[in-house]
Amino acid sequence: PYNRVVMETENGYYYNVCDMNLSLRYTEKTTGKDIFLCARPECMHDGNEKCTATYNFLEISNTILYDNSIYFVANIRDDETMGYALFKASTDGAWLDKVGDVITIRKPQSSDDGINFSSAIDNFIIHKGYAYIPYRLGQHSYAGFLGAGMVRMNIRTGETESIYDYNDDYFSSQFVSVMSACGEYVYYR
(Lines give C-alpha, C1' and ligand atoms only; values in the text may rest on other atoms or scores of the structure.)
Protein backbone atom coordinates (compact mmCIF):
# COMPACT_ATOMS: atom_id res chain seq x y z
CA PRO A 1 0.00 0.00 0.00
CA TYR A 2 0.92 3.69 -0.40
CA ASN A 3 3.40 2.96 -3.22
CA ARG A 4 6.12 1.80 -0.80
CA VAL A 5 9.38 0.36 -2.11
CA VAL A 6 10.27 -2.91 -0.38
CA MET A 7 13.99 -3.71 -0.33
CA GLU A 8 14.58 -7.42 0.25
CA THR A 9 17.70 -8.97 1.78
CA GLU A 10 18.48 -12.54 2.75
CA ASN A 11 17.08 -12.11 6.28
CA GLY A 12 14.39 -9.47 5.93
CA TYR A 13 12.76 -6.49 4.28
CA TYR A 14 13.49 -2.76 4.56
CA TYR A 15 10.86 -0.18 3.67
CA ASN A 16 9.63 3.30 4.45
CA VAL A 17 6.17 3.25 6.03
CA CYS A 18 4.94 6.54 4.60
CA ASP A 19 4.87 7.63 0.99
CA MET A 20 6.35 11.03 1.84
CA ASN A 21 7.85 11.28 5.34
CA LEU A 22 10.81 9.39 6.75
CA SER A 23 9.76 6.33 8.77
CA LEU A 24 12.22 3.51 8.00
CA ARG A 25 11.27 -0.01 9.11
CA TYR A 26 12.68 -3.53 8.99
CA THR A 27 10.77 -6.83 9.00
CA GLU A 28 12.53 -10.11 9.82
CA LYS A 29 11.60 -12.96 7.47
CA THR A 30 11.76 -15.75 10.06
CA THR A 31 9.73 -14.13 12.85
CA GLY A 32 7.73 -11.49 10.99
CA LYS A 33 8.86 -8.99 13.64
CA ASP A 34 8.56 -5.42 12.35
CA ILE A 35 10.76 -2.74 13.94
CA PHE A 36 11.75 0.86 13.41
CA LEU A 37 15.22 1.08 11.83
CA CYS A 38 16.74 2.76 14.88
CA ALA A 39 19.37 1.23 17.18
CA ARG A 40 18.35 3.28 20.24
CA PRO A 41 16.04 1.08 22.39
CA GLU A 42 14.80 4.07 24.42
CA CYS A 43 13.86 6.07 21.29
CA MET A 44 10.20 7.02 20.82
CA HIS A 45 10.61 7.25 16.99
CA ASP A 46 8.80 10.56 17.08
CA GLY A 47 10.84 12.54 14.55
CA ASN A 48 13.49 13.61 17.05
CA GLU A 49 17.00 14.47 15.81
CA LYS A 50 18.61 11.34 17.28
CA CYS A 51 16.20 8.85 15.69
CA THR A 52 17.63 7.28 12.53
CA ALA A 53 14.22 5.88 11.54
CA THR A 54 12.18 9.11 11.70
CA TYR A 55 14.78 11.91 11.76
CA ASN A 56 12.86 15.22 11.70
CA PHE A 57 10.09 13.43 9.76
CA LEU A 58 11.93 14.54 6.64
CA GLU A 59 9.91 14.68 3.43
CA ILE A 60 11.67 12.10 1.25
CA SER A 61 11.84 10.45 -2.17
CA ASN A 62 11.94 6.76 -2.90
CA THR A 63 14.40 4.66 -0.87
CA ILE A 64 17.20 2.58 -2.39
CA LEU A 65 19.21 -0.22 -0.79
CA TYR A 66 22.74 -0.02 -2.25
CA ASP A 67 26.06 -1.32 -0.86
CA ASN A 68 24.49 -2.14 2.52
CA SER A 69 23.08 1.37 3.07
CA ILE A 70 19.65 2.86 2.45
CA TYR A 71 19.66 6.07 0.40
CA PHE A 72 16.96 8.72 -0.05
CA VAL A 73 16.63 12.35 -1.15
CA ALA A 74 15.10 14.73 1.40
CA ASN A 75 13.56 18.18 1.30
CA ILE A 76 15.80 20.38 3.46
CA ARG A 77 15.16 23.88 4.72
CA ASP A 78 16.20 26.29 7.42
CA ASP A 79 15.45 29.95 8.11
CA GLU A 80 17.34 31.19 5.04
CA THR A 81 17.68 28.32 2.55
CA MET A 82 15.79 25.45 0.96
CA GLY A 83 16.60 22.59 -1.36
CA TYR A 84 17.32 18.88 -1.46
CA ALA A 85 20.04 16.62 -0.06
CA LEU A 86 20.98 12.95 -0.43
CA PHE A 87 21.07 10.95 2.83
CA LYS A 88 22.12 7.41 3.69
CA ALA A 89 21.20 5.23 6.65
CA SER A 90 22.88 2.10 7.96
CA THR A 91 20.92 -1.13 7.68
CA ASP A 92 21.29 -1.74 11.44
CA GLY A 93 19.81 1.64 12.40
CA ALA A 94 23.05 2.84 14.03
CA TRP A 95 23.55 5.99 11.95
CA LEU A 96 22.07 8.39 9.41
CA ASP A 97 24.34 10.75 7.43
CA LYS A 98 23.92 13.44 4.80
CA VAL A 99 25.92 12.45 1.69
CA GLY A 100 25.68 15.88 0.05
CA ASP A 101 23.47 18.69 -1.18
CA VAL A 102 21.62 18.22 -4.46
CA ILE A 103 20.71 21.90 -4.68
CA THR A 104 20.36 24.69 -2.13
CA ILE A 105 18.92 28.15 -2.81
CA ARG A 106 17.98 31.16 -0.71
CA LYS A 107 14.33 31.08 0.33
CA PRO A 108 12.15 33.49 -1.63
CA GLN A 109 10.77 36.37 0.42
CA SER A 110 7.19 35.20 -0.13
CA SER A 111 7.91 31.71 1.30
CA ASP A 112 7.58 33.29 4.75
CA ASP A 113 3.97 34.17 3.88
CA GLY A 114 2.92 30.51 3.92
CA ILE A 115 3.33 29.89 0.19
CA ASN A 116 4.84 26.46 -0.40
CA PHE A 117 7.72 26.81 -2.84
CA SER A 118 9.09 23.29 -2.61
CA SER A 119 7.87 20.68 -5.06
CA ALA A 120 7.29 16.98 -4.71
CA ILE A 121 10.53 15.05 -4.63
CA ASP A 122 11.05 12.96 -7.74
CA ASN A 123 12.37 9.40 -7.68
CA PHE A 124 16.08 8.88 -8.26
CA ILE A 125 18.35 5.93 -9.05
CA ILE A 126 21.85 4.81 -8.10
CA HIS A 127 24.10 3.28 -10.75
CA LYS A 128 27.78 2.37 -10.45
CA GLY A 129 28.36 4.50 -7.35
CA TYR A 130 26.50 7.58 -8.59
CA ALA A 131 23.04 8.87 -7.72
CA TYR A 132 21.08 10.45 -10.58
CA ILE A 133 18.73 12.93 -8.95
CA PRO A 134 16.14 15.09 -10.73
CA TYR A 135 14.77 18.09 -8.84
CA ARG A 136 12.13 20.79 -9.07
CA LEU A 137 11.84 23.83 -6.86
CA GLY A 138 8.84 26.10 -6.76
CA GLN A 139 5.49 25.85 -8.38
CA HIS A 140 4.76 24.70 -11.91
CA SER A 141 3.95 28.23 -13.04
CA TYR A 142 5.89 31.22 -14.29
CA ALA A 143 5.40 33.23 -11.07
CA GLY A 144 6.32 30.40 -8.69
CA PHE A 145 9.11 28.68 -10.64
CA LEU A 146 12.46 28.56 -8.83
CA GLY A 147 14.40 25.94 -10.77
CA ALA A 148 14.64 22.43 -12.15
CA GLY A 149 17.31 20.07 -13.33
CA MET A 150 19.19 16.86 -12.67
CA VAL A 151 22.49 16.18 -10.91
CA ARG A 152 24.82 13.21 -10.76
CA MET A 153 26.24 12.74 -7.25
CA ASN A 154 29.15 10.55 -6.19
CA ILE A 155 27.63 8.66 -3.25
CA ARG A 156 31.01 8.28 -1.52
CA THR A 157 32.18 11.91 -1.69
CA GLY A 158 28.95 13.90 -2.14
CA GLU A 159 30.45 15.73 -5.14
CA THR A 160 27.84 16.74 -7.71
CA GLU A 161 27.89 17.36 -11.43
CA SER A 162 24.99 19.17 -13.10
CA ILE A 163 23.50 17.25 -16.02
CA TYR A 164 20.65 19.72 -16.60
CA ASP A 165 20.13 23.09 -14.99
CA TYR A 166 17.05 25.22 -15.68
CA ASN A 167 17.27 27.50 -12.68
CA ASP A 168 16.71 30.79 -14.46
CA ASP A 169 14.20 30.21 -17.22
CA TYR A 170 10.76 28.66 -16.69
CA PHE A 171 9.89 28.75 -20.40
CA SER A 172 12.83 26.60 -21.50
CA SER A 173 12.80 24.37 -18.41
CA GLN A 174 12.38 20.62 -18.64
CA PHE A 175 11.24 18.36 -15.80
CA VAL A 176 13.40 15.25 -15.92
CA SER A 177 12.34 11.77 -14.77
CA VAL A 178 15.03 9.14 -14.30
CA MET A 179 13.78 5.77 -15.53
CA SER A 180 16.52 3.13 -15.17
CA ALA A 181 20.13 2.23 -15.87
CA CYS A 182 21.81 -0.57 -17.79
CA GLY A 183 25.49 -1.08 -18.58
CA GLU A 184 27.09 2.29 -19.22
CA TYR A 185 23.80 4.16 -19.71
CA VAL A 186 21.21 5.93 -17.58
CA TYR A 187 17.79 6.32 -19.17
CA TYR A 188 15.60 9.34 -18.47
CA ARG A 189 12.81 11.30 -20.04
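Being a predicted model, the structure only gives us computed values, none of them experimental.
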For side-chain hydrogen bond (donor to acceptor under 3.5 Å, both in side chains), just list the numbers for D92 and S90, CA-CA rounded to whole Å, side-chain angles, deciding distance to a tenth of an Å, and then say yes or no.
-> CA-CA 5 Å; D92 64 0; S90 67; 2.7 Å; yes

Do M150 and Y188 pass the side chain to side chain contact (heavy atoms under 4.5 Å, CB included) test, and can you show the C-alpha distance, the side-chain angles, and the key distance before you say yes or no?
-> CA-CA 10 Å; M150 183 167 71; Y188 62 92; 4.2 Å; yes

CA sep, side-chain torsions, deciding dist, call: T27, K33, side chain to side chain contact (heavy atoms under 4.5 Å, CB included) = CA-CA 5 Å; T27 301; K33 184 178 179 183; over 6 Å; no

Where do E184 and K128 land on the salt bridge (Lys or Arg N to Asp or Glu O under 4.0 Å) test, with the steps shown first?
-> CA-CA 9 Å; E184 297 300 314; K128 295 190 175 193; 2.6 Å; yes

Applying side chain to side chain contact (heavy atoms under 4.5 Å, CB included), run through C43 and N48 and close with a yes or a no.
-> CA-CA 9 Å; C43 187; N48 71 73; 3.6 Å; yes

For H45 and C38, run side chain to side chain contact (heavy atoms under 4.5 Å, CB included): C-alpha distance rounded to whole Å, both residues' side-chain angles, the deciding distance at 0.1 Å, then the answer.
-> CA-CA 8 Å; H45 315 301; C38 178; 3.4 Å; yes

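Here the side chains of V178 and F124 are not in contact, with every heavy-atom distance at 4.5 Å or above. Contact check for L86 versus F72: no side-chain heavy atoms found under the 4.5 Å cut-off. Looking at heavy atoms from C-beta onward, Y55 lies in side-chain contact with L58 at the 4.5 angstrom threshold. Two residues are said to be in side-chain contact when any heavy atoms from C-beta on lie closer than 4.5 Å; Y135 and D165 meet this criterion.
Under the 6.0 Å distance and 45° angle rule, R25 does not count as a cation-pi partner of Y14.
Expressed to the nearest 0.5 Å, how far CG of N123 lies from CD1 of I133 amounts to 11.5 Å. In this structure, OG in S177 is found 11.5 Å from CD1 in I125, a value given to the nearest 0.5 Å. Note that SG of C51 is 10.0 Å distant from CG of N56, once rounded to the nearest 0.5 Å. With rounding to the nearest 0.5 angstrom, the CD1 atom of I70 is 4.5 Å from the CE atom of M7. With values rounded to the nearest 0.5 angstrom, L137 atom CG is found 4.5 Å from I105 atom CD1. With rounding to the nearest 0.5 angstrom, the CG atom of L22 is 9.5 Å from the OG1 atom of T63.
Under a hydrophobic clustering in which Ile, Leu, Val, Met, Phe, Trp and Tyr are joined whenever their side-chain heavy atoms come within less than 4.5 Å, directly or via other members, Y187 and Y66 fall into different clusters. I76 and F57 sit in two unconnected hydrophobic clusters of ILVMFWY residues. Membership requires side-chain heavy atoms under 4.5 Å apart, directly or through other members. Hydrophobic clustering (side-chain heavy atoms under 4.5 Å, transitive across Ile, Leu, Val, Met, Phe, Trp, Tyr) groups L65 together with I35. Criterion: ILVMFWY side-chain heavy atoms under 4.5 Å apart, direct or through other members. Under it, F36 and M44 are not part of a common hydrophobic cluster.
At a cut-off of 3.5 Å, with distance as the only test, a side-chain donor of D34 or Y15 sits close to an acceptor on the other residue.
Applying the side-chain hydrogen bond (donor to acceptor under 3.5 Å, both in side chains) rule to E159 yields no partners; only residues at least two apart in sequence or on another chain are considered. Under the side chain to side chain contact (heavy atoms under 4.5 Å, CB included) criterion, H127 pairs with Y132, A181, V186, not counting sequence neighbours.
For N16 (side chain) and N21 (main-chain N/O), a donor-acceptor pair under 3.5 Å exists by modelled atom type.
By the 4.0 Å N-to-carboxylate-O rule, R152 lies close enough to E161 to be salt-bridged with it. Using a 4.0 Å cut-off between charged nitrogen and carboxylate oxygen, K29 and E8 count as a salt-bridge pair. A salt bridge is defined here as a Lys NZ or Arg NE, NH1 or NH2 lying under 4.0 Å from an Asp or Glu carboxylate O, and D67 with R156 meets this definition.
Smallest separation of non-hydrogen atoms from L24 and A89: CD1-CB, 4.0 Å. Looking at every heavy atom in both residues, S162 comes nearest to Y164 through OG-O, 3.4 Å. Heavy atoms only, all atoms of each residue included: P134 and D122 are closest at CG-CB, 3.8 Å.
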Do any side-chain atoms of residues 95-104 form donor-acceptor pairs under 3.5 angstrom with protein atoms, and if so which ones, sequence neighbours left out?
| from | atom 1 | to | atom 2 | distance (Å) |
| --- | --- | --- | --- | --- |
| K98 | NZ | D101 | OD1 | 2.9 |

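For E42, the CD atom counts as densely surrounded, since its 6.0 Å shell holds more than 12 non-hydrogen atoms of other residues, nucleotides or ligands.
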